[in-house]
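Just so it is clear: chains get the letters A, B, ... in the order the sequence lines come, proteins before strands, and each one is counted from 1.
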Amino acid sequence: MNVKEAISRLAALYPDFQPWWEGEDPFLVLVGIVISQNTSSASTRRALSRLRERGLTSPSAILSAPQEEIEDALRPAGLYRAKARILKDIARWAMDGGLERVLSLPHARAREEMMKVRGIGRKTADVFLAFVASAPIIGVDTHIMRIGRRWGLGTDYESIKEALEREIPPERRLWAHKALISFGREYCRARRPRCDVCPLSDICPKRGIQPEL
DNA sequence: CTCCGGCGAG
DNA sequence: CTCGCTGGAG
């Protein structure tokens, strides 16, 4: 796949976007990314607003709230027991200065530090650092993973991430991350990909046929 | 590899 | 009804 050509076409399709985390507290951004794990954006937004309604927006508020109350707020997002536990863990971590410390480290080391926290994996760390630390990193979510495989860029997280970063300049990676996700949602879907109307079908290795990828 | 999970699309 | 969602842990 000619990634540069693909990205240039996506630029026409998705000119720009308003980051939802703009001016947002880094802790809340992390909370949002955790809630979004394997969860649709609509469900994520619902859970986030339920947290706000209950005033559960700071590390101290989350730490002092009953586990059950957090679980209830997160219920619409699914995986709510695990996520409530993760929020407790990152709240403790943030209050111990972990979050602040990570924001002062080089991106590679910040990533390692974050991934020591239970519930923060490579994708959550990558996306967080890209969002709030301006790290030129393309976090590979489920959409980008699927697209990367269909484009023949690799089969695992790191290889797809590296292949994309090799073709996309640092200052465009944040945009590309978002654009690829939008493209994945609208065209390169997991189920029933819309190859017939896809603006990239003529340069896609998969063309119109849809293998089980 | 399996589990966690409510929820919307088809 | 099934599948998959800006995943991660065990």
Side-chain angles (χ1 to χ4, degrees), chain A residues 10 14 17-22 24 26 28-51 67-90 92-93 111-133 135-151 153 155-161 164-165 168 173-197 210-213:
Chain A
L10 291 185
Y14 308 106
F17 67 103
Q18 303 299 322
W20 59 267
W21 63 91
E22 202 48 18
E24 200 62 79
L28 263 186
V29 175
L30 182 56
V31 167
I33 297 170
V34 167
I35 295 175
S36 79
Q37 290 174 359
N38 213 49
T39 301
S40 68
S41 55
S43 297
T44 299
R45 279 192 293 271
R46 201 168 312 132
L48 264 175
S49 63
R50 285 168 68 95
L51 278 180
Q67 184 87 10
E68 184 185 88
E69 185 181 357
I70 300 178
E71 289 182 4
D72 186 61
L74 297 182
R75 186 148 302 152
L79 306 176
Y80 52 89
R81 286 189 204 96
K83 287 174 183 174
R85 190 169 48 69
I86 295 171
L87 293 200
K88 285 280 193 184
D89 285 351
I90 64 178
R92 167 62 64 191
W93 175 66
R111 186 182 197 253
E112 292 176 28
E113 284 306 305
M114 291 190 75
M115 288 178 62
K116 289 178 184 169
V117 181
R118 185 173 46 156
I120 300 183
R122 52 198 181 177
K123 182 265 180 178
T124 298
D126 283 342
V127 171
F128 175 78
L129 292 172
F131 284 8
V132 315
I137 296 174
I138 296 185
V140 180
D141 73 313
T142 179
H143 295 290
I144 300 180
M145 182 77 74
R146 181 178 63 251
I147 294 168
R149 285 176 176 163
R150 287 177 178 168
W151 286 4
L153 304 181
T155 53
D156 62 290
Y157 188 97
E158 298 299 336
S159 63
I160 291 174
K161 177 181 169 186
L164 287 172
E165 291 180 355
I168 302 170
R173 290 177 190 162
L174 183 56
W175 164 82
H177 168 80
K178 182 68 166 65
L180 284 167
I181 290 169
S182 298
F183 171 68
R185 275 209 274 256
E186 297 168 25
Y187 296 96
C188 208
R189 306 185 297 192
R191 249 197 296 188
R192 243 163 35 88
R194 307 182 66 184
C195 303
D196 51 339
V197 290
Q210 19 211 288
E212 27 273 37
L213 274 180

Handout entry: For A:Ala190 against A:Arg150, the heavy-atom pair lying closest together
Key = O-NH2, 3.4 Å
Which donor-acceptor pairs under 3.5 Å do side chains of residues 123-131 of chain A form with protein atoms, sequence neighbours excluded?
from, atom 1, to, atom 2, distance (Å)
A:Thr124, OG1, A:Gln37, NE2, 2.9
A:Asp126, OD1, A:Arg111, NE, 2.7
A:Asp126, OD1, A:Lys161, NZ, 3.4
A:Asp126, OD2, A:Arg111, NH2, 3.1
A:Asp126, OD2, A:Tyr157, OH, 2.6
A:Asp126, OD2, A:Lys161, NZ, 3.1

Problem - Nearest-0.5 Å distance that lies between atom CH2 in A:Trp93 and atom CD1 in A:Ile86 - result: 13.0 Å
Handout entry: Inter-nucleotide P distance (B:dG10, C:dT6), Å rounded
Key = 14 Å
Problem - Rounded distance in Å between the P positions of C:dG8 and B:dC7 - result: 22 Å
Practice task
For residues A:Ile90 and A:Val31, determine if any side-chain heavy atom of one lies less than 4.5 Å from a side-chain heavy atom of the other.
Solution key: yes
Practice task
Report yes if some heavy atom in the side chain of A:Glu186 is under 4.5 Å from a heavy atom in the side chain of A:Arg194; otherwise report no.
Solution key: no
Handout entry: Residue whose closest nucleotide on DNA chain B lies nearer the 5' end, A:Ala42 versus A:Gly78
Key = A:Gly78
Distance check needed: [N] [atom2] versus [X] [atom1], whole Å only.
X        : N     : atom1 : atom2 : result
A:Met145 : C:dC5 : CE    : C1'   : 14 Å
A:Lys83  : C:dT6 : NZ    : P     : 10 Å
A:Ile33  : C:dC5 : CD1   : P     : 18 Å

Handout entry: Any A:Arg192 side-chain N or O less than 4.0 Å from OP1/OP2 of C:dC3
Key = no
Practice task
For DNA chain B, note the earliest and the latest nucleotide, 5' to 3', having some atom under 4.0 Å of a heavy atom belonging to chain A.
Solution key: B:dC4 to B:dG10
Practice task
Under the salt bridge (Lys or Arg N to Asp or Glu O under 4.0 Å) rule, collect the residues that match up with A:Arg118, sequence neighbours excluded.
Solution key: A:Asp89
Practice task
For A:Asp72, check salt bridge (Lys or Arg N to Asp or Glu O under 4.0 Å) against everything at least two apart and list the hits.
Solution key: A:Arg50, A:Arg54, A:Arg75
Practice task
Would you classify A:Arg191 as touching base, sugar-phosphate or nothing, given that sugar-phosphate means primed atoms plus P, OP1 and OP2, and contacts are heavy atoms under 4.0 Å?
Solution key: base
Below 3.5 Å is the cut-off: list the nitrogen or oxygen pairs between protein and nucleotides 7-10 of chain C, distance only.
from, atom 1, to, atom 2, distance (Å)
C:dG7, OP1, A:Thr142, N, 3.3
C:dG7, OP2, A:Asn38, N, 2.5
C:dG7, OP2, A:Thr39, N, 3.3
C:dG7, O5', A:Asn38, N, 2.6
C:dG8, OP1, A:Gly121, N, 3.0
C:dG8, OP1, A:Gly121, O, 3.4
C:dG8, OP1, A:Thr124, N, 2.9
C:dG8, OP1, A:Thr124, OG1, 2.7
C:dG8, OP2, A:Lys123, N, 3.4
C:dA9, OP1, A:Gly119, N, 2.9

Practice task
Output yes when a side-chain donor or acceptor of A:Thr39 lies under 3.5 Å from a complementary backbone atom of A:Thr44, and no otherwise.
Solution key: no
Going by atom type alone, with no hydrogens or angles, which donor-acceptor pairs under 3.5 Å involve a side-chain atom of residues 173-181 of chain A and a protein atom two or more places apart or on another chain?
from, atom 1, to, atom 2, distance (Å)
A:Arg173, NE, A:Ile168, O, 2.7
A:Arg173, NH1, A:Pro136, O, 3.0
A:Arg173, NH2, A:Glu165, O, 2.8
A:Arg173, NH2, A:Ile168, O, 3.1
A:Trp175, NE1, A:Tyr14, O, 2.7
A:His177, ND1, A:Gly139, O, 3.1

